[in-house]
Amino acid sequence: GRFGGYGGRYVPESLIPACQAVADAFAQAWADPGFRGSLARLLSVYAGRPTPLTPALRLSAELGVTVLLKREDLTHTGSHKINNVMGQAMLARRMGRTRLIAETGAGMHGVATATAGALLGLPVKVFMGERDVERQAHNVFRMRLLGAEVVPVATGSRTLKDATSAAMRDWVADADEAYYCVGSVIGPHPYPTMVREFQRVIGDEARRQCATELPAAVPDYVVACVGGGSNAAGTFAGFVDTDAKLVGVEAEGGSGAANGEIGVLHGFQSLFLQDEHGQIREAHSIAAGLDYPGVGPEHAYLRDLGRARYVTVADAEAIAAAVRLARTEGIPPAIESAHALAWVIDAAGTSVLPSGSTVLVTLSGRGDKDLTTLMTEAEL
Amino acid sequence: GRFGGYGGRYVPESLIPACQAVADAFAQAWADPGFRGSLARLLSVYAGRPTPLTPALRLSAELGVTVLLKREDLTHTGSHKINNVMGQAMLARRMGRTRLIAETGAGMHGVATATAGALLGLPVKVFMGERDVERQAHNVFRMRLLGAEVVPVATGSRTLKDATSAAMRDWVADADEAYYCVGSVIGPHPYPTMVREFQRVIGDEARRQCATELPAAVPDYVVACVGGGSNAAGTFAGFVDTDAKLVGVEAEGGSGAANGEIGVLHGFQSLFLQDEHGQIREAHSIAAGLDYPGVGPEHAYLRDLGRARYVTVADAEAIAAAVRLARTEGIPPAIESAHALAWVIDAAGTSVLPSGSTVLVTLSGRGDKDLTTLMTEAEL
Amino acid sequence: MTKLLMPYITAGVRPDWTAYLTAFEDAGADLIEVGLPFSDPTVDGPTIQEASDAALARGATPASVLAELATISAGIPLVASTYANIALRPGFAGALHAAGVTGLIVPDLPLDELAGLSAAGIEVSLLASPATPDDRLAEIGRRSQGFVYAVSVMGTTGERDRLAPSAAALAARVKEVTDLPVLLGFGISTPEQAAEAAVVADGVIVGAAVMRRILDGAGPAEVGAFVASLRAALSGPIAVR
Amino acid sequence: MTKLLMPYITAGVRPDWTAYLTAFEDAGADLIEVGLPFSDPTVDGPTIQEASDAALARGATPASVLAELATISAGIPLVASTYANIALRPGFAGALHAAGVTGLIVPDLPLDELAGLSAAGIEVSLLASPATPDDRLAEIGRRSQGFVYAVSVMGTTGERDRLAPSAAALAARVKEVTDLPVLLGFGISTPEQAAEAAVVADGVIVGAAVMRRILDGAGPAEVGAFVASLRAALSGPIAVR
């Protein structure tokens with residue numbers, strides 16, 4: 001349950017058995033070819049895997065680096081969240097749990113969980129910060145249409161961290177029946193490991209696709225945005241044993257990995273934005289999915305090891321990158337994913353990302369949910 | 001250029017050479033393995049093909065028929081329109097045309113054309129009825145984000161048929177430079193044939209997938225919604241040589257195939273809703289993409305031959321079907337596609353669609369664009 | 001040979017629309033194009049779209065306007081124009097005959113689809129466009145009846161500031177393939193343009209410029225005066241006889 | 001043995017918060033739990049969340065409230081409670097000592113993660129829950145200091161209508177594995193519930209019911225009276241000695 005000094009299981013005693021049950025069930029399921037086969041089939045026939053690797057030809061020509069996009073935006077529900085949720089929902093069913101709990105920021109994990117719940121016939125309760133409910137009305141509608149109950153959380157900063165706290169409170173009150181479907185590589189053990197394993201399909205596919213697409217088989221750079229960090233963890237998992245340079249891109253206002261200090265929240269030890277008294281700071285990002293003050297423990301560990309680098313991007317750069325990808329490649333990315341692109345756009349041609357490099361960028365989701373934000377902020 | 005008594009090329013003399021140029025270029029391109037290979041690669045690495053065939057397990061159990069969903073909702077841009085647009089945009093580039101014109105109803109074809117234009121660096125002008133601009137604001141935003149110019153059309157019923165007229169007017173004024181990217185199996189020859197050929201990837205894929213998925217290799221029924229009829233034409237193309245019963249489902253208020261009379265509009269002869277004086281009637285459907293008073297000429301021909309059957313579904317049934325699919329399978333379909341499902345739901349277990357049948361339903365698009373409509377109309 | 005003038009009117013655009021026909025005749029028109037309104041006038045620009053919508057909104061139907069037409073006795077030929085969806089309906093030619101119409105223009109019924117039209121005894125005039133290739137133009141010349149409608153510009157009907165440069169070239173090309181009069185239409189809005197057109201063609205068709213005035217409220221006398229000014233321009237010193 | 005009463009207060013919730021400690025002591029409390037406010041109190045229900053937010057909004061910090069605590073001299077043990085993120089910070093134990101605090105509760109620092117805590121000289125009390133399996137409960141009994149905090153119910157802190165049925169069973173199980181006092185907490189809101197709890201446990205912890213009163217504006221005397229009523233219930237005829 002540890003990644004170097006990070007991770008662990010910092011939960012109330014009441015949840016220890018529930019966490020242990022998840023850990024045991026996951027270990028068993030993940031070793032079971034039957035489970036893995038069923039999951040792989042579901043991801044294929046239902047969720048649209050494998051997702052393409054798209055060469056961004058016009059953008060590449062403009063930047064002088066070869067940009068390959070891993071298209072998680074094309075999965076069912078429109079983001080990589082479905083990979084994890086399908087795995088956990090199947091695990092919940094295998095464990096005999098009767099309902100799903102989830103927290104959500106941008107709403108994508110909530111939509112994915114609502115989707116999995118509908119597919120498997122499990123009722124879903126999604127906790128979402130009030131501010132996110134307001135700015136992601138589209139996804140709130142989607143969850144309700146899918147039959148999920150959306151619970152607005154009015155405490156604290158009314159965003160993802162508060163939704164996560166609320167979800168944990170709901171879980172502790174019904175740990176025997178409810179399965180808590182964590183949306184990122186955060187939370188108590190085994191969640192960070194389990195979610196990475198469910199998301200590594202991104203990196204494993206991309207690795208195979210790069211082998212076909214690139215003369216060098218492996219890209220020089222592998223770039224992904226990092227909120228909690230699940231799409232990055234899944235992407236990095238496919239390349240951690242190569243020479244590819246791994247780059248995690250955080251929102252300037254949600255830069256746990258780049259600017260956080262060690263701490264404990266939501267059941268795990270990692271890097272968190274906090275004040276000098278140990279109070280967790282509110283994150284501030286235009287990207288609801290990056291609006292989290294911490295980062296998954298494995299990212300903290302990869303940072304300490306020097307295996308991955310974590311950088312930040314400002315809101316305005318992300319917006320410009322989203323518009324640019326829409327207009328050069330016809331792909332409006334999620335504002336979260338646009339952060340990863342913005343770093344590539346900014347760094348291309350510098351010593352940090354020299355001309356001629358090959359770069360894999362994970363497009364974690366599609367921009368539909370962010371249209372209003374983009375149209376307003378980009379002044380189109 | 002004829003399907004029995006339907007089809008043809010009823011355009012102003014000024015457009016005859018432009019139509020002929022498209023016909024010649026298409027014939028040449030379609031016979032060129034290089035073109036077809038490039039298109040197939042683009043559909044794969046960019047647009048997310050092949051799309052899955054998803055068994056709708058819970059819905060099937062409820063209905064007593066085996067429902068398989070062809071998932072065009074998972075393509076890039078979220079509907080089958082991309083298949084056609086990629087083909088036509090590549091053709092336009094091959095022809096040396098410098099800009100794209102399109103008409104759009106629900107906005108999906110407009111978004112797809114805007115996407116292809118961005119990808120290939122061709123400016124795009126999209127004509128859209130004012131009423132559709134209002135009810136599909138989401139897609140208007142998407143087109144603008146992609147850099148396309150959206151031209152609201154204030155004439156006539158301010159819907160798809162008027163947008164189509166406006167697009168034709170724009171084309172005739174600039175036929176040498178502009179390529180008119182028709183969005184359905186309508187328009188003057190070669191469009192109905194060409195669009196069907198670009199869309200037959202749906203049916204061809206589904207045919208292969210059914211062969212794996214179904215003991216009988218071919219489904220008993222093949223069902224698709226019909227506005228102009230491109231997703232149906234593409235789907236049917238894969239099964240027209242089998243014993244599968246083909247069913248096209250129209251909106252009750254846009255039932256050209258089911259209730260139309262022979263006539264000429266937008267360059268082709270087919271079945272159109274019209275009054276006793278020969279004036280074309282306004283279509284009325286909650287589904288902007290089905291809000292067209294005519295039907296592609298090949299559908300008219302298939303109807304006359306008895307090879308396909310055309311039925312209608314009311315708005316309320318379609319809404320109920322959309323909600324039902326969202327809640328049983330976690331898939332909110334486009335309200336257009338929901339018409340096809342609604343017929344299946346209604347007919348299942350009757351002599352029209354006996355229990356135990358296997359049914360392929362093409363999900364032509366995803367429901368995100370219809371969320372507001374669904375939430376309002378379904379009173380969720 | 002005198003240059004021909006064919007003003008256009010959308011049938012049914014106003015209750016008194018037939019009064020304009022008399023005024024046109026009195027003003028020296030040689031023929032009159034009578035547009036039968038259609039719900040989806042794809043070849044027409046904004047002015048004639050507006051006129052069509054106005055006529056349809058008044059309840060005009062092809063049958064009703066043809067019946068009205070039958071009540072007047074024009075001293076010059078009447079040429080109906082409408083869209084294929086109307087023209088291809090059974091009984092259409094008979095209705096034209098009954099109304100005293102002798103000619104027909106169907107802008108969305110090109111050569112290729114002409115076989116579908118039953119119009120015995122009606123002269124069907126074909127359109128030629130600047131984009132029409134030579135061989136096709138020759139066939140249009142052979143198969144057109146009454147006159148050839150030379151579309152002066154790529155585009156829809158409607159007023160334009162100047163006569164398109166393509167007009168003269170087209171008129172010359174059409175004249176080479178037919179002995180029928182060649183009338184230029186689309187975008188001829190002023191007496192000056194009419195005169196200019198008459199240099200190269202056998203006459204002009206003026207639609208939107210007439211309809212703009214009618215839609216703006218001009219009565220038969222006022223619009224008749226405009227037609228008379230066109231007539232004068234066609235017969236004036238600029239015109240080459 | 002007398003039943004133990006440990007009322008709770010969120011440090012810094014009001015400017016005069018330390019006055020409540022004196023009132024609790026005067027009302028017969030045996031220990032006082034002093035909650036150090038944390039930004040994300042995941043184990044707490046709405047009442048203590050509200051109290052934490054109020055304290056933080058007033059600018060309370062762990063250091064500032066501990067400094068205030070150092071200014072009073074309590075005649076009974078003070079037990080700090082806070083979350084792991086605060087408790088694991090360097091120098092935390094020293095700050096507790098300096099404030100005269102002798103005990104510590106960290107609800108999100110279970111047995112498994114206890115090794116990370118440096119709290120020499122501070123008695124760290126562990127929590128046991130109805131879901132805790134026997135072997136783990138035994139270890140909690142061995143490693144807890146001062147007392148064992150038996151969580152009466154699965155859920156967060158907060159007032160409840162009745163004592164959960166799970167409470168008695170848990171108290172009995174905990175008593176089997178330790179000689180330390182077993183205090184029941186979570187959801188004990190009334191003197192009746194306190195008395196009921198005292199039948200099976202060695203004492204009670206009352207948090208939300210106290211804080212609700214303070215948040216509603218009750219002063220030290222009024223809340224002291226409530227604590228006295230709890231004291232009376234614990235010492236009354238229902239209690240089994």
Side-chain angles (χ1 to χ4, degrees), chain A residues 1-2 5-21 103 153-157 160-178 187-189 261-270 272-282 293-294, chain D residues 36-46 49-50 52-53 56 59-65 82-92 106-116 126-133 136-137 140 148-158 166 170 186:
Chain A
R2 284 272 165 187
Y6 307 103
R9 189 182 278 166
Y10 296 83
V11 295
E13 183 61 31
S14 300
L15 283 180
I16 292 285
C19 288
Q20 193 53 47
E103 85 292 341
V153 176
T155 51
S157 59
L160 179 56
K161 79 181 174 83
D162 313 288
T164 305
S165 297
M168 292 186 75
R169 292 186 189 107
D170 194 55
W171 189 29
V172 72
D174 191 24
D176 286 342
E177 291 295 320
H189 177 73
E261 287 166 43
I262 192 164
V264 171
L265 185 69
H266 296 150
F268 65 107
Q269 192 159 45
S270 189
F272 293 92
L273 298 179
Q274 40 192 321
D275 68 15
E276 71 269 31
H277 307 296
Q279 307 297 348
I280 303 295
R281 282 206 185 128
E282 292 179 18
Chain D
L36 309 184
F38 178 54
S39 50
D40 296 82
T42 52
V43 183
D44 286 300
Q49 286 177 52
E50 187 185 336
S52 279
D53 287 350
L56 293 172
T61 67
S64 74
V65 296
T82 193
Y83 283 81
N85 197 53
I86 302 290
L88 294 178
R89 289 174 70 84
F92 182 68
V106 188
D108 63 344
L109 196 75
L111 207 52
D112 323 67
E113 306 295 353
L114 209 53
L126 301 184
L127 291 81
S129 106
T132 306
R136 187 172 170 90
L137 199 66
I140 288 171
V148 176
Y149 190 142
V151 172
S152 69
V153 63
M154 297 294 284
T156 55
T157 61
S166 51
L170 175 63
F186 280 45

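So that the names make sense, note that chain A is the first sequence line, chain B the second, and so on, each numbered from 1.
- Atom-to-atom distance recorded for E282(A):CD and S39(D):OG is 9.0 Å, nearest 0.5 angstrom.
- Contact check for Q279(A) versus N85(D): no side-chain heavy atoms found under the 4.5 Å cut-off.
- Only the side chain of P17(A) has a heavy atom closer than 4.5 Å to any heavy atom of chain D.
- Contact tally against chain D (heavy-atom pairs below 4.5 Å) for A173(A), S14(A), A166(A): the top residue is S14(A).
- Using a 4.5 Å heavy-atom threshold, the side chains of P41(D) and R169(A) count as touching.
- In this structure, CG in L36(D) is found 13.0 Å from NE2 in H277(A), a value given to the nearest 0.5 Å.
- Looking at A128(D), only its backbone comes within 4.5 Å of chain A, counting heavy atoms on both sides.
- With a 4.5 Å cut-off on non-hydrogen atoms, D176(A) does not touch chain D at all.
- Side-chain atoms of I16(A) and R136(D), non-hydrogen and from C-beta on, do get closer than 4.5 Å to each other.
- One distance of note links CE of M154(D) with CG of L15(A); it measures 6.5 Å at 0.5 Å rounding.
- Salt bridge absent: R89(D) and E276(A) never bring a charged side-chain N and a carboxylate O closer than 4.0 Å.
- Residues satisfying the ring pair (Phe, Tyr, Trp, His ring centres under 6.0 Å) criterion with F92(D), sequence neighbours excluded, are absent altogether.
- At a 4.5 Å heavy-atom cutoff, the contact between Q269(A) and chain D is made by side-chain atoms alone.
- In terms of heavy atoms, A84(D) sits closest to Y10(A) at CB-CD2, 4.2 Å.
- Between chain A and the residues T132(D), D53(D), L111(D), the largest count of heavy-atom pairs under 4.5 Å involves T132(D).
- Taking H266(A) as the reference, Y292(A) meet the ring pair (Phe, Tyr, Trp, His ring centres under 6.0 Å) condition, with sequence neighbours excluded.
- Contacts of L265(A) with chain D are made by side-chain atoms alone, with heavy-atom separations under 4.5 Å and no backbone atom involved.
- Chain A forms the most heavy-atom pairs under 4.5 Å with one residue out of D40(D), L109(D), T156(D), I140(D), and that residue is D40(D).
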